[in-house]
Amino acid sequence: MRDKVNRLMNRRSFKQWLSIPCLWTVALLTAQAQSVELQYAPQDGAVFDVVETVTRVTSATGTDPATDPVTDVRTRESVVTVAAATVPDPDTVITTPGLTVDVIPDSTAFSNKVVIQSQSLTRNDNAVASPLHAALSGLELTYHVDSQGNLLEIAGYEGLGDAMAASLPDKLAATLVKLVNHDTLRQQDRASYEEVHGPFTGGSVTPVVNEVSAAVHALPSEGSVVLYSVSTIESLADDGKIRLTRTFNSDAAALAMQFDGLEEATILEAQGTLASTLPETYASATVSGSEQVLVQTGGALVESRTLEVVAEWTLQAAEGETAEMHKVEETREFTASAVEMPAVEMPAAQP
């Protein structure tokens with residue numbers, strides 16, 4: 001059973017962690033208004049440093065033999081340059097001979113350039129060598145984004161073949177090129193982009209205090225739980241930013257205890273028809289954590305995001321046996337800082 005669970009954990013991890021900064025301008029309404037309008041309008045030529053780190057600690061007790069905690073840290077550093085797109089005719093196709101075909105969507109408003117400076121993985125503080133990570137370092141990608149900030153397409157993964165050929169022995173490079181799936185890499189990046197930036201692309205955000213919601217959340221192994229959330233979104237007008245704070249827990253009573261005046265019954269009302277789907281082999285499972293996001297209203301980007309998730313589950317045990325308990329703690333950190341902002345031309349003075 002332990003081997004099966006471990007295999008499932010490797011296949012079904014939390015959402016992919018790769019992403020780039022979404023860049024927009026937020027126009028605040030008057031002080032009396034309730035919502036904050038979002039408009040994707042990055043400054044052409046602006047440059048940002050982006051650092052993304054995912055720390056994942058996996059542990060288990062009650063196994064025979066017991067497993068020591070394993071700490072994996074994945075890091076990607078990128079430089080993003082905003083580029084207003086010169087959109088070709090609809091359905092224009094740009095091809096790389098012998099490789100993948102890239103289509104530039106006709107609704108592209110920006111083709112932001114992303115240069116991956118480095119990508120690495122450590123396990124228990126020891127570097128894990130990866131030909132793929134080595135090839136990704138220095139790779140240039142293009143993120144095609146529409147006028148609302150939605151990600152349309154990612155181009156540039158075709159360059160992995162040349163990068164591998166330049167840094168690896170011929171036979172190894174040829175083998176790895178066949179194993180690397182460009183579409184999978186694109187989907188990983190897209191999932192991360194939408195997770196970090198999706199809530200703030202286009203439309204508007206309404207400030208709220210202790211808003212309760214519920215959703216079905218997949219466990220890192222198998223099965224799912226109903227996850228209750230309490231969210232606060234505030235407009236920091238003096239600082240020109242928006243801050244999102246979210247606390248969540250699959251235990252409604254435990255979540256209610258973290259907020260004055262919030263009753264367990266109020267949280268449970270958000271469940272509706274949602275239900276947990278735990279395998280028969282599970283005795284129990286819980287998920288808890290928090291999220292904080294800081295968005296610059298005048299700087300046109302998500303400045304920082306920290307997501308902490310703790311998932312724990314216990315397997316059924318026969319009488320007289322010790323139950324297996326598994327725990328996954330994951331922290332995802334995203335920061336984007338301006339390196340260069342183009343000078344804004346001031347209108348000429350009238351005579």
Side-chain angles (χ1 to χ4, degrees), residues 5 8-10 12-19 51-61 69-75 188 191-200 205 208-234 242-260 262-264 266-271 274-278 282-295 302-314 325-335:
V5 171
L8 288 168
M9 285 176 61
N10 289 333
R12 299 188 56 193
S13 61
F14 288 111
K15 288 182 180 179
Q16 299 298 331
W17 56 280
L18 303 178
S19 63
V51 179
E52 303 152 272
T53 303
V54 174
T55 302
R56 182 182 175 104
V57 181
T58 305
S59 58
T61 60
V70 175
T71 301
D72 290 335
V73 180
R74 302 185 184 188
T75 303
Q188 290 174 351
S192 292
Y193 182 98
E194 293 175 351
E195 176 187 329
V196 175
H197 312 297
F200 309 103
V205 173
V208 295
V209 177
N210 291 351
E211 181 181 62
V212 178
S213 61
V216 174
H217 180 85
L219 293 166
S221 53
E222 57 180 326
S224 63
V225 296
V226 176
L227 193 61
Y228 305 97
S229 301
V230 178
S231 303
T232 294
I233 300 176
E234 56 185 322
I242 297 172
R243 179 165 59 207
L244 164 67
T245 303
R246 184 164 65 100
T247 305
F248 48 87
N249 202 312
S250 57
D251 185 335
L255 183 60
M257 291 178 63
Q258 296 181 257
F259 297 90
D260 293 336
L262 191 58
E263 301 292 334
E264 178 184 358
T266 302
I267 295 176
L268 289 172
E269 287 178 1
Q271 179 172 348
L274 301 176
S276 301
T277 56
L278 297 182
Y282 281 33
S284 63
T286 60
V287 174
S288 62
S290 64
E291 179 183 21
Q292 290 192 13
V293 185
L294 195 61
V295 182
V302 171
E303 181 179 288
S304 64
R305 176 181 186 254
T306 299
L307 175 67
E308 297 179 347
V309 181
V310 179
E312 301 177 85
W313 62 98
T314 301
M325 294 178 289
H326 296 260
K327 184 176 183 179
V328 174
E329 304 169 82
E330 183 163 294
T331 300
R332 306 182 209 173
E333 298 173 281
F334 172 94
T335 61

Practice task
Show the numbers, then the answer: is there a side chain to side chain donor-acceptor pair (under 3.5 Å) between Thr232 and Thr245?
Solution key: CA-CA 5 Å; Thr232 294; Thr245 303; over 6 Å; no
Separation of [Y] [atom2] from [X] [atom1] (nearest 0.5 Å):
{"X": "Glu333", "Y": "Glu52", "atom1": "CD", "atom2": "CD", "result": "11.5 Å"}
{"X": "Ser224", "Y": "Leu278", "atom1": "OG", "atom2": "CG", "result": "7.0 Å"}
{"X": "Thr247", "Y": "Asn210", "atom1": "OG1", "atom2": "CG", "result": "8.5 Å"}
{"X": "Thr71", "Y": "Arg56", "atom1": "OG1", "atom2": "CZ", "result": "11.5 Å"}
{"X": "Lys327", "Y": "Glu312", "atom1": "NZ", "atom2": "CD", "result": "4.5 Å"}
{"X": "Gln292", "Y": "Leu244", "atom1": "CD", "atom2": "CG", "result": "8.5 Å"}

Exercise for the section: Check whether any side-chain heavy atom of Thr286 lies under 4.5 Å from a side-chain heavy atom of Val225, and answer yes or no. Expected result: no
Exercise for the section: Side-chain contact test, heavy atoms from C-beta onward, threshold under 4.5 Å: evaluate it for Val216 versus Thr277 and give yes or no. Expected result: no
Completion exercise
Those residues at least two apart in sequence (or on a different chain) that pass side chain to side chain contact (heavy atoms under 4.5 Å, CB included) with Ser290 are Glu308
Exercise for the section: Kindly write out the residues that satisfy side-chain hydrogen bond (donor to acceptor under 3.5 Å, both in side chains) with Asp72, not counting sequence neighbours, or none if the list is empty. Expected result: Arg123
Which pair of non-hydrogen atoms, one from [X] and one from [Y], has the smallest distance, and what is that distance?
{"X": "Pro69", "Y": "Val57", "result": "CB-CG1, 4.3 Å"}
{"X": "Ser231", "Y": "Val208", "result": "O-CG2, 3.8 Å"}
{"X": "Leu227", "Y": "Ser250", "result": "CD1-N, 3.6 Å"}
{"X": "Ser213", "Y": "Ala270", "result": "C-CB, 4.0 Å"}
{"X": "Thr266", "Y": "Val212", "result": "O-CG1, 4.3 Å"}
{"X": "Ala256", "Y": "Glu263", "result": "CB-C, 4.0 Å"}

Exercise for the section: Give a yes-or-no answer on whether the side chains of Thr331 and Thr55 include a donor-acceptor pair shorter than 3.5 Å. Expected result: no
Problem - Residue pairs fulfilling salt bridge (charged side-chain N to carboxylate O under 4.0 Å, His left out) with at least one residue in residues 282-293, sequence neighbours excluded - result: Arg246-Glu291, Glu291-Arg305
Fill in the blank from the handout: Exactly one candidate in Leu268, Asp251, Val287 meets side-chain contact (heavy atoms from CB on, under 4.5 Å) with Tyr228; the answer is Leu268
Practice task
Show the numbers, then the answer: is there a side chain to side chain contact (heavy atoms under 4.5 Å, CB included) between Leu307 and Phe334?
Solution key: CA-CA 9 Å; Leu307 175 67; Phe334 172 94; over 6 Å; no
Exercise for the section: Check the pair His326 / Tyr282 against ring-ring contact (aromatic ring centres under 6.0 Å, His included), numbers first and verdict last. Expected result: CA-CA 11 Å; His326 296 260; Tyr282 281 33; 8.4 Å; no
Problem - Gln271 atom CD: more than 12 heavy-atom contacts under 6.0 Å - result: yes
Exercise for the section: Assess whether side chain to side chain contact (heavy atoms under 4.5 Å, CB included) is satisfied between Val205 and Phe200, documenting all intermediate values. Expected result: CA-CA 7 Å; Val205 173; Phe200 309 103; 4.1 Å; yes
